[in-house]
Amino acid sequence: MVEISKNIGSLCFCTSAFGEKYNLMAKLLAQDLEQFAPGSPFVIYSDRPQIFKKKS
């Protein structure tokens with residue numbers, strides 16, 4: 001059995017997103033992670049990385 005740590009600092013999230021539909025879903029996932037797991041690393045492999053850049 002795998003035990004999942006309750007310490008959020010030990011988690012890293014990763015996904016792949018290829019195509020408009022999946023890029024949009026990855027953006028929604030990024031927003032949810034920002035809200036519910038702030039500070040956790042999130043790696044996205046995508047064919048359109050420019051849409052994930054934050055606008056300052």
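For the single chain, residues carry numbers from 1 onward in sequence order. Here the structure is a predicted model, which means the values were calculated and not measured.
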Using every non-hydrogen atom in the two residues, find where [X] and [Y] come nearest and quote the distance to one decimal.
X	Y	result
Ala17	Ile44	CB-CG2, 4.4 Å
Asn23	Phe52	OD1-CE1, 3.3 Å
Ala26	Phe42	O-CE2, 4.0 Å
Val43	Cys12	CG2-SG, 4.4 Å

Exercise. Can you name the residues that form a side chain to side chain donor-acceptor pair (under 3.5 Å) with Glu20, not counting sequence neighbours?
Worked result: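 Residues passing side chain to side chain donor-acceptor pair (under 3.5 Å) with Glu20: none at all.
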Problem set entry | Validation row: Ser40, Phe13 side chains within 4.5 angstrom (heavy atoms) |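 Result yes, sub-4.5 Å side-chain heavy-atom pair found.
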Quick one: [atom1] on [X] to [atom2] on [Y], what's the gap to the nearest 0.5 Å?
X	Y	atom1	atom2	result
Cys14	Tyr45	SG	OH	5.0 Å
Thr15	Leu33	OG1	CG	9.5 Å
Ile51	Arg48	CD1	CZ	7.0 Å

For this session: If a pair satisfies salt bridge (charged side-chain N to carboxylate O under 4.0 Å, His left out) and one of its residues is in residues 26-41, list it, with sequence neighbours excluded.
Result: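 Every salt bridge (charged side-chain N to carboxylate O under 4.0 Å, His left out) pair that includes a residue of residues 26-41, provided the two are not neighbours, is Glu34-Lys54.
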